[in-house]
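In what follows, a single structure is set out as structure tokens and then discussed.
Hydrogens, waters and symmetry mates are skipped; everything else that's a heavy atom, side chains included, is used. So that the names make sense, note that chain A is the first sequence line, chain B the second, and so on, each numbered from 1.
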Protein chains: 2
Amino acid sequence: MQIIKIEAGAVFHALADEIRLRMIRLMVVTGQESCLCEMVDSLLEPSYKLSRHLKILRQAGLLSSQKEGRWVYHRLVQTPAYMEQLYATIQALPDSDDIYSADLKRFRNRLSLREAGRCQIGIQSEAFKTGT
Amino acid sequence: MQIIKIEAGAVFHALADEIRLRMIRLMVVTGQESCLCEMVDSLLEPSYKLSRHLKILRQAGLLSSQKEGRWVYHRLVQTPAYMEQLYATIQALPDSDDIYSADLKRFRNRLSLREAGRCQIGIQSEAFKTGT
DNA sequence: TATATATTTGTGTTATAGCACAACTATGCA
DNA sequence: TGCATAGTTGTGCTATAACACAAATATATA
């Protein structure tokens, strides 16, 4: 068993970035885990960028990641206890710019493409990314 | 009336700095407002440094500041509603390095020097700062 | 009015963090 | 075995943020 010391203040640092907060919000609001390609299609940001941010969230103790074939699923960590309180706070945040509701709409669309609750396809937005 | 738009993500950015989190924790735990010199004596950091961090907290919407003679009192803002939830989360954070308990001890000592609930003295730690 | 002091701020420096490009690893499938 | 693709990471660049020093502002008091 590996003991990882997680600084309490590190969670705020992890959430201080807009990209990271957008991803966490999607998972908090939907309660869903997500693979990278689903995040790419929801936030419309390049995969290398989101991959690095997911790593930061993992190191801060907010996400645990699990490889499943080609895909890596990221999910919210529920411990220690204050984490759930933190998620409740995040859920209560306003959405003044409608950024999160747009993310959420795309995320739900993307989730509907799963089969048996698992992601079966890769990044869909890459194709029309250059055309926009 | 002045409308200030506060970005929801800005609160996390404000709390991402250790100095700022230490100050907010003192106010959250004690429920007390504080002037700069009391913070200086509690965190043992230079006043210009804490003054700048207090400004960032104010601009992020976490603190409101009120001048009272020579002193400026800073207090936690209670609105919008998710702020109180955020403070509850902060109060639940662990203190793995005993930094916060040391801050708290000094802060309580400093608060006991108030007269009629108001700060009457300036920075006390400056004197023995160089000698340590 | 002059001084002491609580607090703020201008400025240059340095450390940190996010970014894009491209190369790389790993896995499923033909 | 070779290819396509999900995901990660090395690297250099750039923007941001924290810092220390010093000067400035504001207010109480002698």
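- A:H53 has no side-chain polar atom (N or O) that falls below the 4.0 Å cut-off from OP1 or OP2 of C:dA17.
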Just the atom pairs and distances: protein N or O near nucleotides 8-10 of chain D's N or O, under 3.5 Å.
from   : atom 1 : to    : atom 2 : distance (Å)
D:dT8  : OP2    : A:S51 : OG     : 2.6
D:dT8  : O5'    : A:S51 : OG     : 3.4
D:dT9  : OP2    : A:K55 : NZ     : 3.4
D:dG10 : N7     : A:R52 : NH2    : 2.6
D:dG10 : O6     : A:R52 : NH1    : 3.0
D:dG10 : O6     : A:R52 : NH2    : 3.3

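- Distance B:E38 CD to C:dT7 C1': 14 Å, rounded to the nearest Å.
- Applying the 4.5 Å side-chain rule to ILVMFWY residues, one finds that A:I56 remains a lone member of its cluster.
- The distance between atom CD1 of B:I56 and atom P of D:dT16, rounded to the nearest whole Å, is 14 Å.
- Formation of a donor-acceptor pair under 3.5 Å by the A:E68 side chain with backbone atoms of A:Q66 is not found in this model.
- Applying the under-4.5 Å side-chain rule to Ile, Leu, Val, Met, Phe, Trp and Tyr, the cluster around B:W71 extends to B:Y73.
- When each of A:R20, A:R22, A:R58 is checked for a side chain to side chain donor-acceptor pair (under 3.5 Å) with A:H53, only A:R20 meets the rule.
- For the segment residues 12-29 of chain B, no residue has any heavy atom less than 4.0 angstrom from an atom of DNA chain C.
- The pair B:E38-B:R106 fails the salt-bridge criterion, with no side-chain N (NZ, NE, NH1 or NH2) lying under 4.0 Å from an Asp/Glu carboxylate O.
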Where along nucleotides 24-30 of chain D does protein come under 4.0 Å, by heavy atom, of base (B) or sugar-phosphate alone (S), with - for untouched nucleotides?
--SBS--

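- The nearest whole Å value for the distance from the CD atom in A:Q124 to the C1' atom in D:dA6 is 12 Å.
- Residues B:L113 make up the rest of the hydrophobic cluster containing B:I121, defined by ILVMFWY side-chain heavy atoms closer than 4.5 Å, directly or through other members.
- Side chain of A:T30 to main chain of A:L26: a donor-acceptor pair is present (N/O by atom type, distance under 3.5 Å, no hydrogens or angles).
- For the pair A:D41 (side chain) and A:Q124 (backbone), a donor-acceptor distance under 3.5 Å is present.
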